[in-house]
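Naming: A, B, ... by sequence-line order, numbering from 1 per chain. No hydrogens, no waters, no symmetry mates; every other heavy atom, side chains included, goes into these values.
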Amino acid sequence: MNKLTRLIRGEVKRLVKYKILPVSLATAAVWIGLFLFISAKEAREIAPLLIFVDVAAMSILLLGASHHLEKQDGTIRTMMVMPVSLGQIITAKTAASMLLAIESAVVTAAALYLIHGATFNYALLLLFVAIAGAAHAAIGFVLSLNSKDFTTMLGLLMLYMFVCTVPSILFSFGIVDAKYEWLFMISPSHSASHLISSAVRGEYQLAMIIAGCLYLTILAAALFRFAVYPKFKDNAARG
Amino acid sequence: MGTAFSVKDLHFRYPSSSEDTIKGINFDVVEGEIFGLLGPSGAGKSTTQKILVKLLEDYRGGIKYFGKDLKAMGHSFYEEIGVGFEVPVHFTKLTALENMQFFAGFYKSTANIQELMERVGLWEYRNMKVGEYSKGMKVRLNFVRAMLNNPRVLFLDEVTNGLDPKNARIIKDMIAEYRDQGGTVFLTTHLMNDVEQLCDRVAFCVDGNLIEVSTPRDLKLKYGKREVKVEYRDNGAIASAVFPLDGIGFNEEFQNLLKTANIETIHSGETSMEEIFIIVTGVELNEQANQAD
Ligand SMILES: Nc1ncnc2c1ncn2[C@@H]1O[C@H](COP(=O)(O)OP(=O)(O)OP(=O)(O)O)[C@@H](O)[C@H]1O
Ligand SMILES: [Mg+2]
């Protein structure tokens, strides 16, 4: 087994042992329960929001929780003295976080199909969730690395959601005129939300889709390169 | 014998700090020796270890690892070294064995986990979650972790801190065996017992400077009081007398005492490492124990 695979398997195993994956599955189950009581049309309306909340908020929360648990355990430090590169360690953690995002998309999509028989372009949804998941994993790292404990991290997440996620949710309720949507795309939350909604509803505005994908990809790359990578080792060494 | 580490004029400052924590130190760690870095709390011992294991990188000065620049070493460096940290470093929700198997999986060469864990008395607790381990058990597991990859150089930070004498003995025996098989050890501690029983050479670190690099024996010779103390019974009460060691064979007073008095003990004035620590660093050991709490 190569080292990256081994790292990812370790991350996933810990997601289970530290009860993070079970918690994430439990929230997904709550959403599914919700589908039972609403019409197919309503379900299709609300499904993107649920996937989006999981990708853009839950995954940050879970990444932060696992980061601070590991910091408490002191294990990030031991990982740094193993013959693996920092890039591999960060990649494995990002993969684990994306897995959580994809897991919730899969559960929601399956419920939508099983309960209401609704289908849509799954490949596209998967792609969008992966891109949005990577960008939000990067954001999750930035928030975690800049907070001294989980409580501080929660505070930062609230702030992030207030600035970026809440406007996006308001928008999805039709409070803001749709012609101003491109302004909202600056918020990574909204870009993610736009992409996910498009895939689930099957309504595409090509320019916005391309802009959203590019923006999130570039944002993820820039954050990993300049805000996560340089800070990660420092953070581990001082622990 | 090669030189495992050669450190020249090493300076280091934490980004958050206004002055250097390490203020220009020089030393060599020779292959096959146990090198002890001693000093009071906050002197910079752990910082020095973290620099040598490449956890802290923005240092100034030169460090060579077996002749190669440390900064140029890639992560294959970690195939060759074993690092024991001063704080617990394991996944608390995984069992001890799961932890060891996870870490061992990343190395080309691995030691026998069962053998190591049996030796430190943890094998029977292998399926217990590390979170349920006692402090001393975690310390022992840290040691096993450091030995996992049959390292060429072993770094140990306060390796016996928090261990009962029996377990401390076991770990010290393992360290000595490791050295006898050719291993090199860099050990930081403020426990003088460790130093007397283990170290081939020691360096005293005080406030970011090294002030003595020597062998325990030479230190004792240098700082030892060359005298003999005799305790004897004098009319039921205990009395004592001290004589200079030089020319003791011709000291009549001493010889008279031996012939006439009821001698209870005779000690040469060997200075303990503990006293030497105080003389060299100017810091009382219990004073720093209080600080550490
Ligand atoms: N992350 C950090 N940021 C800023 N200063 C630090 C950091 N870590 C340690 N220091 C400071 O550097 C100095 C040396 O600390 P270090 O941990 O190396 O001491 P030590 O000799 O290992 O002490 P001890 O015997 O208590 O383990 C201390 O003054 C400490 O406050
Ligand atoms: Mg220390």
*Do the side-chain N and O atoms of B:Asn149 and B:Lys108 include a donor-acceptor pair separated by under 3.5 angstrom?*
no
*Answer with side chain, backbone, both or neither: which region of B:Tyr14 has an atom nearer than 4.5 Å to a non-hydrogen atom of chain A?*
side chain
*Taking atom types as modelled, is there a side-chain donor on B:Thr184 or B:Glu31 under 3.5 Å from an acceptor on the other?*
no
*asked:* Heavy-atom pairs under 4.5 Å with chain B: which of A:Arg14, A:Glu70, A:Arg9, A:Lys19 has the most?
replied: A:Arg14
_For the interface with chain B, which of A:Ile76, A:Leu7, A:Leu69 has the highest count of heavy-atom pairs at distances below 4.5 Å?_
A:Leu7
*Pair B:Phe35 and B:Phe27, ring centroids less than 6.0 Å apart*: yes
_Is B:Phe85 close to chain A through its backbone or its side chain, or both, or neither, when contacts mean heavy atoms under 4.5 Å?_
side chain
*Please check if the distance between the ring centroids of A:Phe224 and A:Tyr229 is under 6.0 Å.*
no
*asked:* Within the 3.5 Å criterion, strictly below it, is a donor on A:Thr152 or A:Ser147 matched to an acceptor on the partner's side chain?
replied: no
_I need the residue from B:Glu80, B:Lys54, B:Arg145 with the largest number of non-hydrogen atom pairs under 4.5 Å to chain A._
B:Arg145
